[in-house]
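Scroll down for the structure; my scribbles are underneath it.
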Amino acid sequence: MNVTIQCFGVFRSFGDRIALSVEKGTTVCELRGLLRDKLTQLDSSFDNSGLIKNSHFATETEILADSAPLEEAMNIVIIPPVSGG
Amino acid sequence: MNVTIQCFGVFRSFGDRIALSVEKGTTVCELRGLLRDKLTQLDSSFDNSGLIKNSHFATETEILADSAPLEEAMNIVIIPPVSGG
Amino acid sequence: MGAIFVDICDVATQPLDVMAGLAFVTRSPNGAENLFVGTVRGVNQGKEVLGVSYDVFESLAKRSFTDICAEARAKWGRELSLYVTHGKGRLPVGGVGIVIAVGAPHRDEAFKACRYVIEQVKHRSPICKLEHYADGDSEWTKGCELCTHEHEVAGHGRHS
Amino acid sequence: MGAIFVDICDVATQPLDVMAGLAFVTRSPNGAENLFVGTVRGVNQGKEVLGVSYDVFESLAKRSFTDICAEARAKWGRELSLYVTHGKGRLPVGGVGIVIAVGAPHRDEAFKACRYVIEQVKHRSPICKLEHYADGDSEWTKGCELCTHEHEVAGHGRHS
């Protein structure tokens with residue numbers, strides 16, 4: 001199934017959105033690894049798994065727990081460490 | 001010698017200023033008792049020595065210590081408990 | 001009863017309005033208002049800064065502000081009024097990036113609630129900052145990992 | 001280097017200006033401004049209040065503000081800027097009686113210094129408050145005995 005990851009903050013260097021094809025039942029936790037691979041594929045100089053580890057995934061309304069399963073056609077935003085205020 | 005006490009806050013009910021004749025060498029501490037007597041004389045219903053005890057005497061530039069001696073023609077302000085801010 | 005107002009403003013067309021915040025929270029029975037205003041510093045870690053751009057994930061940011069304000073009222077009193085607005089887009093040095101205003105009957109609650117809100121916003125609201133330097137470079141500030149719950153924030157160290 | 005501004009304003013002709021305070025303290029290298037605004041409450045100790053009149057012994061009050069601001073800079077940094085204005089005369093409910101603004105590089109110092117200033121002003125500045133009640137009565141508030149030194153203030157309880 002397909003999910004779309006909206007880029008935010010430092011991830012904007014990869015564009016506005018990244019489309020990923022994932023297996024049914026994939027969790028947010030597993031998405032981290034898949035996204036890291038995808039980013040490395042998009043930019044071979046990307047080497048920042050710490051950044052992905054410290055990022056969170058969210059929908060328009062909530063931060064997703066690592067155990068949350070992804071759903072078909074889900075729109076997800078990746079939120080790196082924050083620095084508001 | 002004569003000193004003038006400028007009234008402030010709650011003491012304004014006694015007017016803007018109170019003139020007192022005091023002996024040379026009178027201290028701020030002794031002034032409290034003299035002022036209490038004077039206020040009782042001005043208003044026989046005045047019975048608030050606690051208020052005078054909790055008040056401070058000052059010049060335009062500093063709070064006077066209890067031990068400070070009064071000087072001829074001194075202008076002093078009496079400052080009751082404060083409630084600014 | 002107090003009230004809560006939160007918003008994200010595109011600073012290109014809608015600069016943050018400190019007086020609007022003060023006016024919103026100054027209501028009976030309040031007598032103490034505390035405001036926090038965050039402005040863009042001209043220097044960060046030794047580098048000359050020309051400005052910053054805030055990237056805000058709006059829906060979730062507003063939701064976090066509302067949650068945080070509700071927590072503050074639960075902690076310090078239902079009569080508190082709170083106002084939080086954050087800018088998005090580019091600000092020059094001295095530009096206002098956040099306005100927090102808290103009105104309370106007494107000052108202790110006003111100070112504590114205002115401090116609580118800024119600490120929580122810095123740790124929980126999905127906002128990123130891109131700094132623009134005098135040397136032409138731009139860099140996303142490192143920030144701190146998003147806290148997904150208020151209890152995680154307390155132990156954190158100080159950030160700007 | 002920061003700066004200090006203090007003043008007493010006759011509110012009949014010169015209302016306190018919150019934005020002037022913010023503008024004064026927002027200067028490089030500051031990025032965090034904390035403001036305290038004291039407004040007249042509509043109720044005090046169960047009595048409906050129509051307004052208050054502040055009686056200010058100006059020369060000494062301004063001197064106390066300057067001393068307090070200097071102490072805050074000694075404690076939290078020479079780069080702090082501080083602004084303190086207090087009203088004299090009669091204010092209606094909701095009227096602004098005091099504006100304190102503190103600008104600092106970081107928020108911790110801004111909050112702490114602003115809180116310090118209001119605590120000290122309440123204990124050390126020669127200002128008295130006459131409350132005007134809806135029933136036609138007026139009364140000088142009890143207040144707290146003037147502290148003649150900063151060290152005396154720390155142990156005091158909370159006042160409005």
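Letters A, B, ... are given to chains in the order of the sequence lines, protein chains preceding strands, and every chain is numbered from 1. Note that these values count all heavy atoms, side chains included, but never hydrogens, waters or copies made by symmetry.
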Is it true that, when you exclude [X] itself, more than 12 heavy atoms of the residues, nucleotides or ligands shown sit nearer than 6.0 Å to its [atom1]?
X	atom1	value
E23(A)	CD	no
D137(C)	CG	yes
K47(C)	NZ	yes

Residue from V52(C), V84(C), I100(C), I98(C) scoring the most non-hydrogen pairs under 4.5 Å with chain A is I98(C)
For chain A, which candidate among P126(C), G97(C), G87(C), G38(C) shows the most heavy-atom pairs at distances under 4.5 Å? P126(C)
Roughly how far, to the nearest 0.5 Å, is CZ of R63(C) from CD1 of I63(A)? 10.5 Å
Would E145(C) and H56(A) count as a side-chain contact (heavy atoms from CB on, under 4.5 Å) here? Give the steps. CA-CA 8 Å; E145(C) 186 185 343; H56(A) 285 260; 3.3 Å; yes
Using non-hydrogen atoms only, which part of [X] is less than 4.5 Å away from chain A: side chain, backbone, both, or neither?
X	answer
K62(C)	neither
V56(C)	backbone
L60(C)	both
F57(C)	both

Can you see which heavy atom on P81(A) is nearest to which on G143(C), and at what distance? CB-C, 3.8 Å
Is there a side-chain contact (heavy atoms from CB on, under 4.5 Å) between V82(A) and V121(C)? Walk through the geometry before answering. CA-CA 9 Å; V82(A) 296; V121(C) 164; over 6 Å; no
So, does D55(C) use its side chain to make a donor-acceptor pair with the main chain of F8(A) at under 3.5 Å? no
Would you say K129(C)'s side chain and S83(A)'s backbone share a donor-acceptor pair under 3.5 angstrom? no
The interface call for V10(A) against chain C, heavy-atom contacts under 4.5 Å, is both
Need one label for T59(A): side chain, backbone, both or neither, based on atoms under 4.5 Å from any heavy atom in chain C. backbone
